[in-house]
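The structure's right below; bear with me while I get my questions together.
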Amino acid sequence: MGHLDHAAYGWLTPVLSYVMASIGAALGLRCTVRALAATGAVRRNWLLTAASAIGTGIWTMHFVAMLGFEVTGTEIHYNVPLTILSLLVAMLVVGAGVFAVGYGKARGRALVLGGLTTGIGVASMHYLGMAALRLHGDVSYDPLVVGLSVVIAVVAATAALWAALNIRSPLAVAAASLVMGAAVSSMHYTGMTAVAVSVSPSDAALPGATAMQFIFPLAVGLGSYLFITAAFVALSPTADERAASASARHLGERTAAAH
């Protein structure tokens, strides 16, 4: 049985992964709030941005944390297509949950459906990412702990979507995002405690790419996407600001016409 180290670089990867999860959650919540105040194509576009932000944040959190994952007695590589598939699953399934909330008529039912869908998507992304591991040995899981991690994912997703529906102030969204980041990180590390590896030492070359060859550059790229999206959201006027601007413009036009 190989010894598993979940934080080979100390607190660096757990803290950084938590930050990425929180940023993704914050962006997703802010975009969902914007979407609920909009209609038509604008609502759809905000929901798409929310799904991509949350999905990217969750995926980046997982694989930044995995940079600190080591198993004594074997190297670790990653299957590239499966790793990319896990990112697509995160975005698509989170998107389904976000759209269920954004367009649902009955808020309560939409929240349950969206939370369940998004939570299962988060868990699916995690275990697809784990399925991408390539090492000298066999990976097994404790089914009870796996089930607990899925429950945590569903509860966290439902809480996040509830916050999107009920919280409007930026400060409250920031607090909810920190809680969501903690929940996603808890789901990840709970899932990792379910893992056991039986190492079979070998000199054979492992298929796939190392974390530094593939995971690190992709995580940096997606992290950059999150920061660019954050700047876009911060600079985009809210519905109230657009309404105030339009009201001021109309008032100015009427005043000019009166003179």
Side-chain angles (χ1 to χ4, degrees), residues 1-22 24 55-91 93 119-153 156 181-223:
M1 192 71 67
H3 171 70
L4 278 58
D5 188 347
H6 297 288
Y9 300 103
W11 284 100
L12 176 62
T13 50
V15 170
L16 186 56
S17 63
Y18 168 69
V19 169
M20 299 311 296
S22 297
T56 298
I58 292 169
W59 188 95
T60 306
M61 178 273 140
H62 172 81
F63 281 101
V64 167
M66 291 303 292
L67 290 175
F69 179 66
E70 291 185 355
V71 180
T72 302
T74 177
E75 290 184 305
I76 296 176
H77 285 200
Y78 293 85
N79 177 283
V80 174
L82 264 182
T83 303
I84 293 175
L85 177 62
S86 70
L87 173 61
L88 296 178
V89 165
M91 290 187 177
V93 185
I120 291 174
V122 171
S124 299
M125 181 283 304
H126 175 88
Y127 289 106
L128 262 178
M130 292 302 294
L133 286 180
R134 297 294 179 264
L135 46 75
H136 293 303
D138 297 313
V139 179
S140 60
Y141 297 89
D142 181 330
L144 290 178
V145 180
V146 169
L148 176 60
S149 70
V150 174
V151 170
I152 292 173
V184 171
S185 296
S186 297
M187 179 270 157
H188 171 85
Y189 285 106
T190 299
M192 293 307 292
T193 63
V195 177
V197 178
S198 178
V199 175
S200 303
S202 173
D203 293 328
L206 287 168
T210 67
M212 288 301 173
Q213 287 173 336
F214 175 61
I215 300 299
F216 181 72
L218 187 55
V220 169
L222 291 173

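Small disclaimer: the values here were computed from a predicted structure and weren't measured.
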Closest non-hydrogen atom pair between A183 and A156, with its separation: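 Closest heavy-atom pair between A183 and A156: CB-CB, 3.3 Å.
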So M91 and M125, do their side chains get closer than 4.5 Å, heavy atoms only?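 No, side chains not in contact.
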For the CG atom of L88 and the OG1 atom of T83, what is their distance to the nearest 0.5 Å?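 Result: 11.0 Å between the selected atoms.
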Where is the tightest heavy-atom contact between H77 and G208, given as atom of each residue plus distance?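 Taking H77 first and G208 second, the nearest heavy atoms are ND1-O, 3.4 Å.
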For V122 versus M187, what's the shortest heavy-atom pair and its separation?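 In this case the closest contact between V122 and M187 is CG1-SD, 4.1 Å.
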Taking the side chain as C-beta and beyond, is there a heavy-atom pair between F63 and L218 under 4.5 Å?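 No. Closest side-chain heavy atoms not under 4.5 Å.
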If I take atom CE from residue M20 and atom OG1 from residue T56, how far apart are they, to the nearest 0.5 angstrom?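 That separation rounds to 9.0 Å.
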Would you say the side chain of L82 lies within less than 4.5 Å of the side chain of R134, judging by non-hydrogen atoms?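 Yes, at least one pair of side-chain atoms sits under 4.5 Å.
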Separation between CD1 of I152 and OG of S185, rounded to the nearest 0.5 Å: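 The CD1 atom of I152 sits 11.0 Å away from the OG atom of S185.
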Taking only residues two or more places apart in sequence, or in another chain, which ones meet Y127 in a side-chain hydrogen bond (donor to acceptor under 3.5 Å, both in side chains)?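 Here the qualifying residues are S149.
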Is there side-chain contact between V89 and W59, with heavy atoms separated by less than 4.5 Å?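 No; the side chains remain at least 4.5 Å from each other.
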Can you tell me how far CE of M61 sits from CG of L222, rounded to the nearest 0.5 angstrom?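 If we round to the nearest 0.5 Å, L222:CG and M61:CE are 14.5 Å apart.
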Main chain of P14, side chain of S17: is a donor-acceptor contact present, judged purely on distance under 3.5 Å?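 Yes, S17 side chain to P14 backbone: donor-acceptor pair under 3.5 Å.
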Show your reasoning for whether side-chain contact (heavy atoms from CB on, under 4.5 Å) applies to M130 and V195. CA-CA 9 Å; M130 292 302 294; V195 177; 3.9 Å; yes
At their closest point, which heavy atom of V150 faces which heavy atom of A123, and how far apart are they?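 Result for this residue pair: CG2-CB, 3.9 Å.
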Does the side chain of F214 reach to within under 4.5 Å of the side chain of I84, using non-hydrogen atoms?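 Yes, at least one pair of side-chain atoms sits under 4.5 Å.
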Considering residues at least two apart in sequence or located in another chain, which fulfil the side-chain hydrogen bond (donor to acceptor under 3.5 Å, both in side chains) criterion with T210?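 Once residues adjacent in sequence are excluded, the partners of T210 under the side-chain hydrogen bond (donor to acceptor under 3.5 Å, both in side chains) criterion are Q213.
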A219 to T60 - nearest heavy-atom pair and separation: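 Distance-wise, the nearest heavy atoms are O-CG2, 4.0 Å.
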Taking the side chain as C-beta and beyond, is there a heavy-atom pair between D5 and F69 under 4.5 Å?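 Heavy-atom side-chain distance check fails, nothing below 4.5 Å.
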Do V71 and V199 have side-chain heavy atoms sitting under 4.5 Å apart?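 A side-chain contact under 4.5 Å exists here.
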Does H136 reach the main-chain N or O of A204 with its side chain, forming a donor-acceptor pair under 3.5 Å?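 Yes; judged by distance alone, with no hydrogens or angles, the pair exists.
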What distance separates S202 OG from L135 CG, expressed to the nearest 0.5 Å?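 The distance works out to 11.5 Å.
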First locate atom CG of L85, then atom CG of L128, and finally report the distance between them rounded to the nearest 0.5 Å.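 Separation between the atoms: 5.0 Å.
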Minimum heavy-atom distance between L67 and A211, given as atom pair plus value: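 Scanning both residues completely, I find the closest heavy atoms to be CD2-CB, 3.6 Å.
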Given side chains that start at C-beta, do those of V197 and L133 come closer than 4.5 Å, heavy atoms only?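 Counting from C-beta outward, V197 and L133 never come under 4.5 Å.
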